[in-house]
K.L.:
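If you scroll down you'll find the structure; I have some questions about it.
What you are looking at is a predicted structure, and each value in this text was computed from that prediction instead of being measured.
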Amino acid sequence: MHRLRRCVWLPTLFLPLAAQAENATYQAEPLVVTGSRYQASGWQLPFSVNRIDAEQATLGKPGVNLSEALGSVPGLVVQNRQNYAQDLQISSRGFGARSAFGIRGIKLLADGVPLSNPDGQGQAATFDLDTLERIEVLRGPFASVYGSNSGGVIQLFSRDGEGAPKVALDTSQAAYGTSRTRVSAEGGNDRAGFIINRSHFETDGYRDHSGAILDKTFAKLTLYPDDASKLSLSFSELDQNDTQDPQGLTWSQVQSDRRAAAPSALQFDTRKTVDHRQFALNYERSFAAGTWQSTVYSGTRRVIQYQSIPKVVQVPPSNPTSLTQSGGVIDFERRFHGIGNRWIQSFDLGSSLLTVTTGLDYDYSRDDRQGYENFVGDTLGVKGNLRRDERNEVTSLSPYLQAAWQLGKLDLQAGLRHSEVKFKVDDRFIQGNNLDDSGSVTYRKLTPTLGASYALLSNLNVYASWGKGLETPTLNELSYSGPDNSFGFDLKPATSEQIEIGLKARLAQAASLQLALFQIDTDDELVVESASGGRSRFQNAAQTRRRGVELALESRLSDTLRANLAYTQIDATYSKDFTSNGRLIEEGNHLPGIPARTLYGELAWQPVQWFITAVEGLYRSKLYVEDSNSAKAAPSHALFNWQARFEQKAGALTFNQVLRIDNLLDREYIGSVIVGDGNGRYYEPGPERAWYVGAGVQYQFD
């Protein structure tokens with residue numbers, strides 16, 4: 001973010017850039033690694049990548065959800081479901097919009113470690129915003145350099161412990177019985193650094209039956225064995241016990257009582273428990289010829305989830321001996337690990353510089369999965385008879401090669417990745433009419449990317465990029481998409497071709513602008529065929545097309561005033577007719593879950609160093625909720641939030657206080673939608689006006 005002094009207003013956008021000072025001195029663009037894999041200025045890269053520093057992402061915010069930090073990134077749609085059992089919904093240029101829970105279609109990384117399973121399903125709840133140094137967000141063709149299921153990339157980087165040791169304590173209270181407490185310690189020198197953070201969050205929830213308790217731990221030790229190497233060891237933990245799931249509502253239920261839970265949620269006491277632990281090691285060493293980077297990680301994840309699958313579905317009255325259904329209680333334990341190695345080398349070719357990166361990513365997960373009836377006799381919401389017992393393995397192996405060639409004002413980028421994702425199912429529950437569903441399927445694809453950036457002026461770069469992508473079904477999408485809710489081994493991967501053109505400009509010395517136009521054509525798009533009671537079936541559609549424009553503007557209007565603006569417009573439609581669940585879905589229908597327009601703006605004022613206040617606004621157009629576009633769309637809405645933060649210093653102590661009001665105008669709106677829900681429970685209402693107050697203290701040792 002630029003800290004420059006000249007005032008620039010929006011009309012500057014329409015001034016000829018050539019008229020601006022050729023010899024003006026600009027603050028250096030922040031470095032990013034996402035997309036290129038080596039440190040480079042985001043200004044010169046031929047693709048859309050945004051960097052959000054910790055101050056912008058966390059200052060004056062609760063620090064609970066990733067949604068708090070991503071509003072200023074165009075192309076992203078972040079829907080806070082107010083449902084901690086299902087996590088956030090995040091889509092990037094439409095990828096991931098159909099997700100029934102968690103995040104899919106977007107690669108999630110933390111310090112280079114995947115937080116997405118090898119099948120592409122991930123949970124943002126495992127991110128720790130308290131220890132954040134920066135976030136980098138990549139959209140467009142070059143996302144495919146991170147493998148399958150990469151419609152976009154969100155990568156978090158934790159800070160290294162440095163400086164004199166310090167300890168901190170923060171606490172907050174908020175509406176709807178919400179509270180959070182955090183304690184941390186960090187410090188370091190030129191040989192080692194440490195950081196440890198522990199937080200406890202609990203809420204009654206805006207809606208009935210939406211309470212949650214989350215405990216997070218993050219610890220990191222950074223060592224510098226010599227001047228040429230760096231070693232980081234990290235541990236993260238998430239404990240989330242009996243998180244309630246209010247489920248979606250029908251439109252009539254929303255109109256009657258928007259804070260209600262679905263009747264089935266109360267009937268079956270729908271809830272979820274998650275225990276997630278992960279260890280990681282990052283090693284980097286510089287040699288005379290280049291740089292070696294290695295990442296190794298391992299962890300476990302235990303999930304127990306009670307769904308609202310009706311008894312008559314689990315035991316069909318027409319055939320009470322049938323065991324083809326897999327029950328309404330999910331119980332699995334996952335073990336996962338992986339390794340990523342890469343070599344980065346630069347070649348000085350006299351008048352040009354060539355940087356080559358070659359690497360190999362390997363990721364593996366194994367689920368020991370059971371399914372049980374969610375009733376015993378007439379008692380609902382309890383674990384009953386076993387109806388599913390299997391072992392699921394997902395393996396991803398992806399070698400890749402990337403090259404960047406700097407030729408004066410011209411920068412060329414190219415990448416080639418071979419993605420191989422293998423699913424293997426070992427069915428151990430074969431009784432009565434329940435046949436053996438064991439099997440395997442492997443998806444393979446070579447995905448090339450090309451890009452070029454050219455500096456027309458010292459303050460204007462234009463670029464173009466192209467690439468092909470692969471999006472495999474996730475394990476959850478395969479699970480019930482075959483005959484009689486068996487595994488859908490016949491599902492095809494979605495393949496896409498993306499084109500992006502854009503410009504990056506510095507408007508005088510006080511503002512920066514990014515503008516991107518894109519088109520994405522996808523074959524065999526994966527869509528929701530039906531969804532009910534927390535279980536979804538998927539199928540391949542024919543073709544889809546997404547066309548859009550993204551604009552991001554950052555400006556320092558004066559010494560004390562700064563502004564951010566992000567705008568996205570996207571037309572996401574089916575390119576061919578197809579049939580879904582007996583219905584004809586016509587060409588031209590809109591893909592559900594993708595708003596045609598989103599607009600975000602933030603204005604921050606800091607008249608003195610110890611006080612800052614900001615107001616932010618968000619507009620989102622209506623959301624279609626299913627493929628036929630005939631059901632009631634979630635209406636458009638505009639929200640405004642306000643915050644103020646104070647800080648005082650007294651010797652070694654630093655105090656801070658935060659006051660925040662969300663949904664300042666008390667608007668009623670739909671916060672997120674459940675795409676294709678078979679019972680018409682598409683809508684998850686967002687909260688009314690809500691207050692938040694927080695205070696903290698930090699002590700720094702000499």
Side-chain angles (χ1 to χ4, degrees), residues 29-52 73-76 91-96 105-109 112 114 116 120 135-155 340 342 344 354-359 361 398-406 410-419 445-454 461-471 494-504 514-522 546 548-550 552 568:
E29 293 288 330
L31 298 177
V32 296
V33 299
T34 305
S36 61
R37 297 187 187 272
Y38 65 93
Q39 282 198 340
S41 167
W43 166 261
Q44 67 190 38
L45 296 173
F47 44 79
S48 295
V49 59
N50 292 76
R51 170 172 167 156
I52 305 127
V73 181
L76 292 189
S91 64
S92 173
R93 295 184 177 177
F95 288 98
I106 301 175
K107 190 79 167 184
L108 303 178
L109 299 162
S116 299
I135 304 173
E136 294 178 6
V137 182
L138 171 67
R139 288 99 58 218
F142 271 77
S144 65
V145 303
Y146 288 85
S148 63
N149 300 290
S150 296
V153 179
I154 300 175
Q155 184 160 198
R342 71 184 64 91
I344 304 171
L354 177 65
T355 302
V356 177
T357 303
T358 182
D361 291 336
S398 300
Y400 60 87
L401 177 68
Q402 291 180 246
W405 195 7
Q406 298 178 21
L410 178 65
D411 283 77
L412 301 175
Q413 293 263 351
L416 188 64
R417 184 179 183 112
H418 183 267
S419 296
K445 182 72 174 179
L446 195 65
T447 52
T449 52
L450 294 171
S453 175
Y454 185 76
N461 272 19
V462 294
Y463 70 88
S465 57
W466 166 90
K468 291 195 172 184
L470 173 72
E471 189 177 15
T495 57
S496 61
E497 182 174 10
Q498 300 193 44
I499 301 172
E500 178 182 331
I501 61 173
L503 63 84
K504 300 176 183 182
Q514 292 189 48
L515 177 67
L517 289 81
F518 61 88
Q519 178 174 300
I520 306 168
D521 290 308
T522 303
R546 303 177 178 96
V549 59
E550 297 171 357
T568 305

K.L.:
Under the side-chain hydrogen bond (donor to acceptor under 3.5 Å, both in side chains) rule, collect the residues that match up with Q519, sequence neighbours excluded.
P.N.:
D521, R547
K.L.:
Report the distance from atom CG of L109 to atom CD1 of I135, rounding to the nearest 0.5 Å.
P.N.:
12.5 Å
K.L.:
Using 0.5 Å steps for rounding, measure from the CZ atom of F47 to the OG atom of S36.
P.N.:
5.0 Å
K.L.:
Of all heavy-atom pairs between L31 and E136, which one has the smallest distance, and what is that distance?
P.N.:
O-OE2, 3.8 Å
K.L.:
Can you measure from CD (E471) to NZ (K445) and round to the nearest 0.5 angstrom?
P.N.:
13.5 Å
K.L.:
Please name the pair of heavy atoms, one in L470 and one in S419, separated by the smallest distance, quoted to 0.1 Å.
P.N.:
CD2-CB, 4.2 Å
K.L.:
In chain order, what residues pass the salt bridge (Lys or Arg N to Asp or Glu O under 4.0 Å) check against R93, with sequence neighbours excluded?
P.N.:
E500, E550
K.L.:
Could you list the residues that satisfy side-chain hydrogen bond (donor to acceptor under 3.5 Å, both in side chains) with T449, not counting sequence neighbours?
P.N.:
none
K.L.:
With a 4.5 Å limit on heavy-atom distance, are the side chains of W405 and L410 in contact?
P.N.:
no
K.L.:
Would a 4.5 Å heavy-atom cut-off, applied to side chains only, mark P141 and F518 as touching?
P.N.:
no
K.L.:
Tell me every residue that passes side-chain contact (heavy atoms from CB on, under 4.5 Å) with S453, counting only those two or more places apart in sequence or in another chain.
P.N.:
P46, D411, N461, Y463
K.L.:
Any donor and acceptor pair, going by atom type alone, linking the side chain of Q413 with main-chain N or O of Q402 inside 3.5 Å?
P.N.:
no
K.L.:
Write down the atom of Y400, the atom of D361, and the distance for their closest heavy-atom approach.
P.N.:
CE2-OD2, 3.7 Å
K.L.:
Could you tell me which non-hydrogen atom of A452 sits nearest to which non-hydrogen atom of L412, and how far apart they are?
P.N.:
CB-CD2, 3.6 Å
K.L.:
Output the distance between atom CG (L503) and atom CG (L515), rounded to the nearest 0.5 Å.
P.N.:
5.0 Å
K.L.:
Let me confirm one number: the CD1-CG distance from I106 to N149, rounded to the nearest 0.5 Å.
P.N.:
11.0 Å
K.L.:
Take N50 and R139 through the side chain to side chain contact (heavy atoms under 4.5 Å, CB included) test and state the conclusion after the steps.
P.N.:
CA-CA 9 Å; N50 292 76; R139 288 99 58 218; 2.6 Å; yes
K.L.:
Of all heavy-atom pairs between S92 and G152, which one has the smallest distance, and what is that distance?
P.N.:
OG-CA, 3.9 Å
K.L.:
Taking only residues two or more places apart in sequence or in another chain, which ones pass side-chain hydrogen bond (donor to acceptor under 3.5 Å, both in side chains) with Q406?
P.N.:
none
K.L.:
Verify, without hydrogens or angle tests, whether R37 (side chain) and R342 (backbone) share a donor-acceptor contact under 3.5 angstrom.
P.N.:
no
K.L.:
Going from CG on L108 to CD1 on I154, what distance comes out if it is rounded to the nearest 0.5 angstrom?
P.N.:
6.0 Å
K.L.:
If every non-hydrogen atom of A464 is compared with every non-hydrogen atom of I501, which pair is closest and at what distance?
P.N.:
CB-CG2, 3.9 Å
K.L.:
Does NZ or CZ of R417 come closer than 6.0 Å to the centre of the six-membered ring of Y146, within 45° of the ring's axis?
P.N.:
no
K.L.:
Measure from NZ or CZ of R546 to the centre of the six-membered ring of F95, then state whether that distance is under 6.0 Å and the direction lies within 45° of the axis.
P.N.:
yes
K.L.:
Report the residues that fulfil side-chain hydrogen bond (donor to acceptor under 3.5 Å, both in side chains) with Q498, sequence neighbours left out, ordered by chain and then residue number.
P.N.:
none
